[in-house]
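In what follows, a structure is listed as structure tokens, so that the remarks can point back to it.
Numbers here are sequence positions counted from 1.
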Amino acid sequence: AVSLVPVISAAYAVNNREKLRNNANLAIRVSMLIGLPAAVGLFVLSTPIIQLLYPNEPASVGQLLAIMSVGVVFLSLIQSFTSVLQGMGRAHIPVINLFIGAGVKIVLTFILTGIAWLNVKGAAISTVSAYIVAAILDLISVRALANVKFDFNLVLVKPLATAGIMGICARGSYEVLMLILGFSGLSDFAANAVATLSGVLIGGLVYVFTLFKLKAITIEELESMPKGRGMASKLKKLGIVK
């Protein structure tokens, strides 16, 4: 998001609309490619992660993390939308949109936390709702001001499919390892820690591999990003891409 501001500003200053749209489009795709797997990972491993980081908390707290994980996607988008709008000299727009989202959060928190079966979960839902509202308003603003059109397949379908495969592998590996470690004599905390961290690692490797196999992003696009050449070089050495 930080690296996006000068790129957008340079294109906007010389009225190079095509470059502006291309960079904005790529930035939103990257946001989804980062935000979606982060959200899915937190969702499928919510309870194990809570048990790892806060072993004294009840397992039910994992439900709050599962709800909040959805907001990661929209928070990622907000970061990129904000940078695009800042680069176009419209820094006030994302501030206003986030303020509107905050208003939605206050109202929903008051309503939802008063519902007995939701209770504190209502606060988590209201926070996610605030991010969704702000992200949608930012999207409308970017489309109106920059005339950016997004490829539904590249922005949503492929990232979602890739993150879904990653989520299945991460959760599946966690369950298998917990079953195996159950016979190892390790404490419940140690077994959960090993299985959770292994699940995160396996999920991450599967995600990177699937990302290029499904062509959700090309090696050329990766190299065009900040520090992308270094990442591309490492992936080539590992044989993940050619």
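- Under a hydrophobic clustering in which Ile, Leu, Val, Met, Phe, Trp and Tyr are joined whenever their side-chain heavy atoms come within less than 4.5 Å, directly or via other members, I165 and Y207 fall into different clusters.
- Contact of the M166 side chain with the L211 side chain is not registered, since no non-hydrogen atoms from C-beta on lie closer than 4.5 Å.
- The OH atom of Y54 sits 11.0 Å away from atom CD1 of I49, with the distance rounded to the nearest 0.5 Å.
- In this structure, the side chains of N192 and Y174 come closer than 4.5 Å at one or more pairs of heavy atoms.
- What you find for T82 and P94 is that their closest heavy atoms are OG1-CB, 3.5 Å.
- Using a 4.5 Å heavy-atom cutoff, the side chains of I202 and V206 are in contact.
- Put simply, the side chain of S83 does not reach to within 4.5 Å of the side chain of I8, judged on heavy atoms.
- Using modelled atom types, no side-chain atom of T196 and backbone atom of A193 make a donor-acceptor pair closer than 3.5 Å.
- Following chains of ILVMFWY side-chain contacts shorter than 4.5 Å, one can reach L118 starting from I132, so the two form part of one hydrophobic cluster.
- The distance from the CG atom of N16 to the CZ atom of R21 is 9.0 Å, given to the nearest 0.5 Å.
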- Between S80 and S31, is a side-chain hydrogen bond (donor to acceptor under 3.5 Å, both in side chains) present by the stated rule, with each step listed? CA-CA 7 Å; S80 289; S31 295; 2.4 Å; yes
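- Between V157 and F152, the closest side-chain pair of non-hydrogen atoms falls below 4.5 Å.
- In F43, the CZ atom is not crowded: 12 or fewer heavy atoms of neighbouring residues, nucleotides or ligands sit closer than 6.0 Å.
- In the hydrophobic cluster analysis, where Ile, Leu, Val, Met, Phe, Trp and Tyr join through side-chain heavy atoms closer than 4.5 angstrom, V104 is grouped together with F81.
- For L214 against K158, the heavy-atom pair with the smallest separation is O-NZ, 3.2 Å.
- For the atom pair CD of E57 and CD of Q51, the computed distance is 11.5 Å after rounding to the nearest 0.5 Å.
- For N97 (side chain) and A134 (main-chain N/O), no donor-acceptor pair under 3.5 Å exists by modelled atom type.
- Put simply, the side chain of T127 gets close to the backbone of A123: a donor and an acceptor are under 3.5 Å apart.
- Residue L77 is not grouped with residue V72 when hydrophobic side chains (ILVMFWY) are merged at heavy-atom distances under 4.5 angstrom, including chains of intermediate members.
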- Message: Apply side-chain contact (heavy atoms from CB on, under 4.5 Å) to residues L145 and I93 and explain how you reach the verdict.
- Response: CA-CA 11 Å; L145 294 170; I93 293 178; 3.6 Å; yes
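- In this structure, the side chain of S198 does not engage the main chain of A195 through any donor-acceptor pair within 3.5 Å.
- When all heavy atoms of S69 and A39 are compared, the pair lying nearest together is O-CB, 3.2 Å.
- When the side chain to side chain contact (heavy atoms under 4.5 Å, CB included) test is applied to L75, the partners found at least two apart in sequence or on another chain are Q79, Y131.
- Considering only heavy atoms from C-beta on, L64 comes within 4.5 Å of K121 through its side chain.
- Counting all heavy atoms, side chain and backbone alike, G203 lies closest to A170 at CA-CB, 4.1 Å.
- Both L108 and F74 belong to a single network of hydrophobic side chains, linked directly or stepwise wherever heavy atoms of I, L, V, M, F, W or Y lie under 4.5 Å apart.
- Between T47 and G62, the shortest heavy-atom distance links the atoms OG1-CA, 3.8 Å.
- Residues Y12 and R17 approach most closely at CE1-NH2, 3.7 Å, considering heavy atoms.
- Counting heavy atoms from C-beta outward, M88 and Q86 have side chains that stay 4.5 Å or more apart.
- In this view, V155 and N25, I28, R29, M32, F150 satisfy the side chain to side chain contact (heavy atoms under 4.5 Å, CB included) rule, not counting sequence neighbours.
- Taking CG of L154 as the reference point, atom CG of L33 lies at 9.0 Å (rounded to 0.5 Å).
- Remark: I180 CD1 to L186 CG distance equals 12.0 Å, nearest 0.5 Å.
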- Apply side-chain contact (heavy atoms from CB on, under 4.5 Å) to the pair V73 and S76, showing each step before the final yes or no. CA-CA 5 Å; V73 179; S76 300; 5.8 Å; no
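- Within the structure, the salt bridge (Lys or Arg N to Asp or Glu O under 4.0 Å) test picks out the following pairs touching residues 164-190 (sequence neighbours left out): R171-E175.
- Counting heavy atoms from C-beta outward, L137 and I100 have side chains that approach closer than 4.5 Å.
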